[in-house]
Amino acid sequence: MNTLPSHLPLAPRAALPVLAASLVLLAGCSGKEQTAGAPPAGGMPALPVTVLEMQPTRAETSVEAVAQTEGAREVEVRARVGGILMKRVYEEGAAVKAGQPLFLIDRAPLEVAVAQAKAQLAESKARVEQTQREAARLKGLLAQQAISQREYDTASSDNAATLAAVQAAQANLRQAELNLSYATVTAPVSGITGRAAVSEGTLVASGSGTLLTTVVQVNPIWVRFSVAESELSAAMPDGHFKPQAIRGVELILPDGSTYPARGKLNFSASQIDPKLGTLQLRGEFPNAEGRLLPGQFVRARLITGVRDGVFKVPQGAVVQTDKGTIVMLASADNKVEPRPVKTGQWSGTDWVILGGLKAGDKVIVDNLMKARPGAPIAPHAPGEGPGAAPGKPAEGAGAAKPAAPTAPAPAAAKG
């Protein structure tokens, strides 16, 4: 029989039986809690993870490159006649239609030139009538042998010269009328106008062709980009680039969104740039709402073909390691299983997996920082699991549920 040391005071001696009874009671309560579902001592609780069951699908193959937008037509509007710029009749930066007036140049000098050309034409016609009468008169005298053949030939030549002078006067009148029409400067194409390069009252010259403004056609809009020869060949199904085999062009905007309308390839350079090893390409996109403006930096995605039997995995589920690219799978016994995979290109927010997965594999898409190879997990489908919906039990929640918190010591002793 164990005896208490004689040097202990009386009060502690009396408290020891009570303390021993409390420890026994706490041990019993702890045993009940462990039996209720907590992991055994030293065990690891199952980690709740979301998994996607893989099924083969088809994905478009593509190649991306930095691109810049440009107007389908970028026209410089210049003065075609000289004179004082009287008025600007358009709003800078506004959309205009082809043929819409933009500037007015002083018409008075041009109207005078038209009047002079008309007078010159009338004079030439009068001279034609005179030479025709003279030639007709001399022709009769020649028949009577009253004049020489030389005199008649001279009269006929004079008549032909006056006829040519009439044609020249008609051309001068046409040129004067054209110059007068150029006094109203119109938009050569439909598009968006730029700022006015000159102000009212400025003397514009026709010889140098004074720049007045610019008009850029933005519907359709073009996107210019270059792709490395190696990337382009790798993205083609047969390894050879053929412009007619391109299925379309997509546009990734600066905010990361995809332009709603798919474009087409409307230009492919005939040779590779020898300095950069790239091929210049250009896409065409509808832009009726004017969402795209010339000069924007975007990303062009060239759709080169379709690949069947691939898998799509969210980008966040693909892990880059020093030994290659892997994904984490949920094994049949609900443990983390790393799997090396061969990745292709991005498809939206997913990686295209070309090898390493098979139908039915369950890829873990969250809690990857905590998922260690061989660790126990509680897999559930997307939208399920702990915290997915109030009152909705998660799949595998029994394995992933943590042990119940231990009650405070006084309460446990009381129970």
Asn219 side-chain N/O to Asn287 backbone N/O, donor-acceptor pair under 3.5 Å: yes
How about Asp366 and Thr50: does a side-chain donor come under 3.5 Å of a side-chain acceptor? yes
Is there a donor-acceptor pair under 3.5 Å between the side chain of Thr321 and the backbone N or O of Thr325? no
Would you say Thr213's side chain and Gly194's backbone share a donor-acceptor pair under 3.5 angstrom? yes
Is the backbone of Ala164 close enough, under 3.5 Å, to the side chain of Gln167 for a donor and an acceptor to pair up by distance? no
Does Arg195 come within less than 4.0 Å of Glu91, counting only side-chain N to carboxylate O? no
Under 3.5 Å, is there a donor-acceptor pair between the Thr61 and Thr304 side chains? yes
Are there over 12 heavy-atom neighbours, none belonging to Gln130, within less than 6.0 Å of that residue's CD? no
Return all side-chain donor-acceptor pairs below 3.5 angstrom for residues 93-108, not counting sequence neighbours, or 'none' if the list is empty.
| from | atom 1 | to | atom 2 | distance (Å) |
| --- | --- | --- | --- | --- |
| Gln100 | OE1 | Lys97 | N | 3.2 |
| Asp106 | OD1 | Ala108 | N | 3.3 |

Is there a donor-acceptor contact under 3.5 Å from the side chain of Thr154 to the main chain of Arg150? yes
With sequence neighbours excluded, residues passing salt bridge (charged side-chain N to carboxylate O under 4.0 Å, His left out) with Glu64: Arg299, Arg301
Over-ring placement of Arg88 relative to Tyr90, 6.0 Å and 45° cut-offs: yes
Do Thr131 and Thr162 have a side chain donor and acceptor closer than 3.5 Å? yes
Test salt bridge (charged side-chain N to carboxylate O under 4.0 Å, His left out) on Arg78 and Glu76; report intermediate values, then the result. CA-CA 6 Å; Arg78 296 182 179 271; Glu76 293 181 342; 2.9 Å; yes
Answer yes or no: is there a donor N or O on one side and an acceptor on the other, between the side chain of Glu129 and the main chain of Ala126, under 3.5 Å? no
For the side chain of Asn367 and the backbone of Pro48, is there at least one donor-acceptor N/O pair under 3.5 Å apart? yes
Charged N-O contact under 4.0 Å between Asp361 and Lys358: yes
For the pair Lys87 and Glu200, find out whether any cationic side-chain nitrogen is under 4.0 Å from an anionic carboxylate oxygen. no
Any luck finding a side-chain donor-acceptor pair between Ser226 and Gln280 under 3.5 Å? no
